[in-house]
2 protein chains.
Amino acid sequence: MFFQINPSNGIPVYEQVSRQIMFAVASGSILPGEMIPSVRELARELAINPNTVARAFRDLQDQNILQTVRGTGVAVTHGARAKCISARTRVIRDRLRDVLAEARQSQLDEAELQAIIDAEFENSKKRKH
Amino acid sequence: MFFQINPSNGIPVYEQVSRQIMFAVASGSILPGEMIPSVRELARELAINPNTVARAFRDLQDQNILQTVRGTGVAVTHGARAKCISARTRVIRDRLRDVLAEARQSQLDEAELQAIIDAEFENSKKRKH
DNA sequence: CATACCGTACTATCACGGTGATACAGATGC
DNA sequence: GCATCTGTATCACCGTGATAGTACGGTATG
């Protein structure tokens, strides 16, 4: 797997894991029906605890995004793609909404906020790889 | 005081309090030299624990934004305004940067991201009061 | 059958944010 | 002087996120 965890992010690690798996499904990096790394392997790769990974898997299983077969491994369900795409948009939009709400509430000047948004958006484009 | 607390925000309550005081100073809602509500009063207003407010005050005191006098109350220092203005910009920009980084990392389509940003920015304008 | 891997389920432990309660020292106003 | 406000400090407690270790049942492969 190809993503990284930020332990001091405010966002719980198990949630970062489940999110990034969702994102990978949404973008097509993981295809429905495909198997994903085991709890223990993913925990080793991300240098986090297997329990934390297991919890992320359990959450995704509850959302019918992952399907686990005891003794075999974990696979992405066939209905997962659409769910992950809409969930991805929702997550991004919600987080963006929070930031903008805080910006509004801070009485930051309208034009200045617009300038920050534009600058950071351009910046993030450059950092895209 | 005029701000509200979101207990289930991921952001610690004591940090929300200190932030919003900073924002109020930055925007001129509280002027340097002015007294702010006491620990107990603010705790009562926000329906949170006095210890939590005290911690926010202590943090701001460590940054030389607040000046406390035992037995009297808490006042905004005279150098606070500039500090708060730059801190506000930094906070907003950092949070925005986090969201954009996550959006990039999710492989969300460039145009779609742009559309979400525009839509939410317009939305937040309307919700401004 | 034996081994190795898989997911799952516990129990214990720790750090941190938050609450609740209490106590103390300094300042103010009557 | 005394009551009452102020900030400060300390204690115990709880919930949650995370770690660590162990154990159990199912599956695949030899």
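Naming: A, B, ... by sequence-line order, numbering from 1 per chain.
- The main-chain N or O of Ala111(A) is found under 3.5 Å from a side-chain atom of Asp109(A) such that the two form a donor-acceptor pair.
- Geometric assessment of Arg104(A) against the ring of Phe3(B) yields a negative cation-pi assignment under the 6.0 Å and 45° thresholds.
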Nucleic acid footprint by protein, nucleotides 5-20 of chain C - heavy-atom cut-off 4.0 Å, B for base, S for sugar-phosphate alone
-BBB-B------SSBB
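- Distance alone, capped at 3.5 Å, places no donor-acceptor pair between the Gln107(B) side chain and the Phe23(A) backbone.
- Checked by atom type and distance alone, the side chain of Glu34(A) never pairs as donor or acceptor with a backbone atom of Val76(A) at under 3.5 Å.
- Once you apply a 4.0 Å limit to the heavy atoms of chain B, the touched nucleotides of DNA chain D run 5' to 3' over dT6(D) to dT10(D).
- The structure places CG of Asn123(B) at 11.0 Å from NZ of Lys125(B), a figure rounded to the nearest 0.5 Å.
- For residues 63-80 of chain B, the side-chain hydrogen bond (donor to acceptor under 3.5 Å, both in side chains) pairs, not counting sequence neighbours, are Gln61(B)-Thr68(B).
- Atom CZ of Arg19(B) sits about 10.5 Å away from atom CD of Gln105(A), to the nearest 0.5 Å.
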